[in-house]
J.: 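Right, I'll just put the structure down here and ask away after.
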Amino acid sequence: MGWYAGVDWGSGAHAVCVLDERGDRAAQFEVRHDAAGLAELTRALCKFGASDGLRIAIERPSGLLIDTLVEAGCAIVPIHPNIVKACRPRYRAAGGKSDRGDAYLLADLLRTDGHRLRTLAPECDEIRALRALVRTRDDLVATRIALANQLRALLDSFWPGAAAIFAEIDSPIALAFIERYPTPASSARLGAKRLAGFLAAHGYSGRKPAVSLLARLHAAAHTAVGEAEAEAKGELARALARVLGALVTELATLSARIEHDVAALPDGQLVMSFPRAGRLNAAQLLSELGSVRERFATEDQLAAEAGVCPVTYQSGKSRGVTFRWACNHRLRRAITTWADNSRHGCPWAAAIYQRARARGARHPHAIRILARAWVRVLWRAWHEHAAYDPVKHLAAQRLAA
């Protein structure tokens with residue numbers, strides 16, 4: 001006899017509902033999100049045969065709750081929240097919502113439509129670790145960009161020269177300059193000789209001499225602000241520069257760790273074998289691809305998950321093709337970044353991009369077209385555990401021509 005459980009995840013407690021094959025409730029309860037509650041949950045579910053005959057539906061496919069259930073041998077079936085939202089009218093007409101009701105909905109949806117849903121296959125520990133590192137780094141990069149924009153906007157309001165003297169405002173030399181000279185008054189006696197000494201002390205590796213940098217500093221627009229305002233904003237600029245400096249340092253350390261880890265994985269070497277994949281980009285690709293090949297049974301599934309193939313809408317005589325919004329956005333960003341880089345080192349990729357542009361496709365669209373072409377090659381190599389071979393790829397192109 002089969003059993004179907006639904007777990008409505010919550011930050012403090014989880015609602016659970018277990019149904020039999022006819023849809024009758026066999027159990028319904030709540031457990032707290034702590035050690036005792038999770039132990040109680042596994043004990044209760046094991047009564048229904050956690051490793052044999054019981055499938056558990058849940059909206060969130062990761063986290064401590066999932067790790068606990070997987071370790072107990074439970075079969076987890078992730079269901080996207082959009083599917084749950086679309087199915088609510090099947091169970092209630094008033095539009096109400098409750099945790100217990102959602103747990104029942106998940107269990108019954110698994111009972112009736114479970115043949116369309118795939119059981120979660122846990123990734124290997126190395127991939128999970130790499131995914132955590134890569135996603136955290138990507139989030140920190142977004143934070144760095146936001147802080148850099150905030151610092152630039154602040155400097156433009158009272159000290160534009162400090163933002164213009166160096167090319168990148170979040171570079172170590174630019175941040176050191178802002179800490180040393182946070183206001184126009186603090187740089188009043190700054191000359192070419194003193195600036196040259198500052199550059200040498202901080203290991204400046206740029207090609208611009210001190211005279212050129214000083215001219216760029218003086219050529220920037222001047223703003224009329226009071227002494228008190230300039231001093232207050234200077235303190236803010238110095239604080240932002242210090243935060244950015246620490247963040248840039250930690251990002252460099254994290255990037256080095258990711259580059260080492262992806263190079264140590266066999267699948268990492270596979271992805272890095274593609275043109276211009278690099279190490280960080282290869283880590284982004286591999287962390288989203290995962291280690292479970294069955295997750296993408298066909299190249300079309302991978303292309304759809306990566307959001308590099310369009311969506312067709314057709315009804316009667318009307319037909320339209322639109323951009324695919326529903327996808328793994330991190331995977332799409334990784335694949336399109338790689339595709340954009342590859343056209344600078346692979347003639348085949350450059351030709352596909354140029355043909356797309358000649359047909360009138362804008363740059364982002366042309367990159368997605370190129371990414372879709374690369375997905376076919378990547379999927380084949382990934383499933384065959386084989387590194388990219390440009391000779392075989394060229395032979396395949398000749399056969400297809």
Side-chain angles (χ1 to χ4, degrees), residues 1-125 127-128 131-132 290-292 294-297 301 305 326 328:
M1 183 176 182
W3 300 95
Y4 307 91
V7 179
D8 184 65
W9 184 93
S11 59
H14 312 298
V16 185
C17 180
V18 182
L19 305 179
D20 60 20
E21 291 181 342
R22 296 177 302 177
D24 296 331
R25 287 184 177 89
Q28 190 161 20
F29 55 93
E30 290 188 1
V31 295
R32 292 191 57 79
H33 185 69
D34 53 25
L38 294 179
E40 178 187 351
L41 174 62
T42 54
R43 285 195 301 268
L45 293 178
C46 284
K47 296 178 181 178
F48 298 93
S51 59
D52 183 22
L54 174 68
R55 300 177 74 197
I56 304 173
I58 191 168
E59 293 179 81
R60 182 171 177 171
S62 62
L64 181 59
L65 173 62
I66 298 298
D67 293 340
T68 302
L69 294 175
V70 169
E71 187 177 357
C74 299
I76 308 298
V77 181
I79 300 180
H80 197 278
N82 289 350
I83 298 177
V84 177
K85 182 179 180 180
C87 290
R88 283 201 180 100
R90 291 168 51 179
Y91 297 89
R92 58 182 72 95
K97 181 186 180 304
S98 67
D99 294 342
R100 285 177 171 261
D102 281 352
Y104 172 82
L105 188 156
L106 286 165
D108 198 52
L109 190 60
L110 180 59
R111 182 181 69 88
T112 58
D113 298 79
H115 59 286
R116 296 188 176 93
L117 304 171
R118 183 180 292 111
T119 301
L120 178 67
E123 304 284 359
C124 68
D125 188 51
I127 291 296
R128 293 175 61 187
R131 181 176 297 166
S291 58
V292 181
E294 296 76 12
R295 180 184 171 193
F296 303 112
Q301 289 183 352
E305 179 77 9
N328 182 335

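Nothing here was measured: the structure is a model prediction, and the numbers come from that model.
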J.: With a 4.5 Å cut-off on side-chain heavy atoms, are Val77 and Leu106 touching?
T.: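 Not touching, per the 4.5 Å side-chain cut-off.
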J.: What pair of heavy atoms forms the shortest contact from Arg118 to Arg295, and how long is it?
T.: NH1-O, 3.9 Å
J.: Under the rule for salt bridge (charged side-chain N to carboxylate O under 4.0 Å, His left out), what residues qualify as partners of Asp99, not counting sequence neighbours?
T.: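 None.
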J.: Only pairs under 3.5 Å count here: list side-chain donor-acceptor contacts from residues 58-65, not counting sequence neighbours, and write none if there are none.
T.:
from: Arg60; atom 1: NE; to: Ser62; atom 2: O; distance (Å): 3.3

J.: Supply the atom-to-atom distance Leu105 CG to Ser98 OG, rounded to the nearest 0.5 angstrom.
T.: 10.0 Å
J.: List the residues meeting salt bridge (charged side-chain N to carboxylate O under 4.0 Å, His left out) with Arg100, not counting sequence neighbours, and say none if there are none.
T.: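 For Arg100 the salt bridge (charged side-chain N to carboxylate O under 4.0 Å, His left out) partners, ignoring immediate neighbours, are Glu30.
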J.: For the CG atom of Leu109 and the CG atom of Asp102, what is their distance to the nearest 0.5 Å?
T.: 11.0 Å
J.: Heavy atoms only: give me the nearest Leu54-Tyr4 pair and the separation to one decimal.
T.: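 Taking Leu54 first and Tyr4 second, the nearest heavy atoms are CD1-N, 4.1 Å.
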J.: Which heavy atom of Ala57 sits nearest a heavy atom of Leu110, and at what distance?
T.: N-CD2, 3.8 Å
J.: Could you tell me which residues satisfy side chain to side chain donor-acceptor pair (under 3.5 Å) with Gln301, sequence neighbours excluded, listed by chain and number?
T.: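 Side chain to side chain donor-acceptor pair (under 3.5 Å) list for Gln301, sorted by chain: empty.
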J.: Could I get the full list of ring pair (Phe, Tyr, Trp, His ring centres under 6.0 Å) partners for His33, not counting sequence neighbours?
T.: His14
J.: Please report the shortest heavy-atom distance between Pro122 and Leu120, naming the atom on each side.
T.: CD-O, 3.6 Å
J.: Checking Asp67 now: which residues fulfil side chain to side chain contact (heavy atoms under 4.5 Å, CB included) with it, not counting sequence neighbours?
T.: Arg128
J.: How many angstroms lie between CD in Glu71 and CD1 in Ile66, if you round to the nearest 0.5 Å?
T.: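 Going from the CD atom of Glu71 to the CD1 atom of Ile66 covers 13.0 Å.
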J.: Can you tell me which residue pairs pass the salt bridge (charged side-chain N to carboxylate O under 4.0 Å, His left out) test with a partner in residues 5-17, sequence neighbours excluded?
T.: none
J.: For Gly37 and Val31, work out which heavy atoms get closest and say how close.
T.: O-CB, 3.6 Å
J.: Who passes side chain to side chain contact (heavy atoms under 4.5 Å, CB included) against Ala44, sequence neighbours left out?
T.: Phe29
J.: Between CH2 of Trp3 and CG of Asp20, what distance do you get to the nearest 0.5 Å?
T.: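 Between atom CH2 of Trp3 and atom CG of Asp20 there are 5.5 Å.
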J.: Under a 3.5 Å distance rule, please check whether Ser291 uses its side chain to pair with a backbone N or O of Cys124 as donor and acceptor.
T.: yes
J.: Within this structure, what is the CG-CZ distance for the pair Leu41 and Arg32, rounded to the nearest 0.5 Å?
T.: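 The distance works out to 14.0 Å.
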J.: Which distance, rounded to the nearest 0.5 Å, do you find between the CZ of Arg25 and the OH of Tyr104?
T.: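 So the CZ of Arg25 and the OH of Tyr104 are separated by 5.5 Å.
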J.: If you compare all heavy atoms of Ala5 against all heavy atoms of Ala107, which two are closest, and at what distance to 0.1 Å?
T.: C-CB, 3.7 Å
J.: Restricting to salt bridge (charged side-chain N to carboxylate O under 4.0 Å, His left out), what partner residues turn up for Asp24, sequence neighbours left out?
T.: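 Applying salt bridge (charged side-chain N to carboxylate O under 4.0 Å, His left out) to Asp24 gives Arg22.
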J.: Among residues at least two apart in sequence or on other chains, which ones pass salt bridge (charged side-chain N to carboxylate O under 4.0 Å, His left out) with Arg90?
T.: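 Testing Arg90 for salt bridge (charged side-chain N to carboxylate O under 4.0 Å, His left out), a comparison that skips the adjacent residues, returns Asp113.
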J.: Output all residues satisfying side chain to side chain donor-acceptor pair (under 3.5 Å) with Arg131, sequence neighbours left out; order by chain, then residue number.
T.: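 Applying side chain to side chain donor-acceptor pair (under 3.5 Å) to Arg131 gives none.
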J.: Please name all residues satisfying side chain to side chain contact (heavy atoms under 4.5 Å, CB included) with Ala121, sequence neighbours left out, ordered by chain then number.
T.: Val292
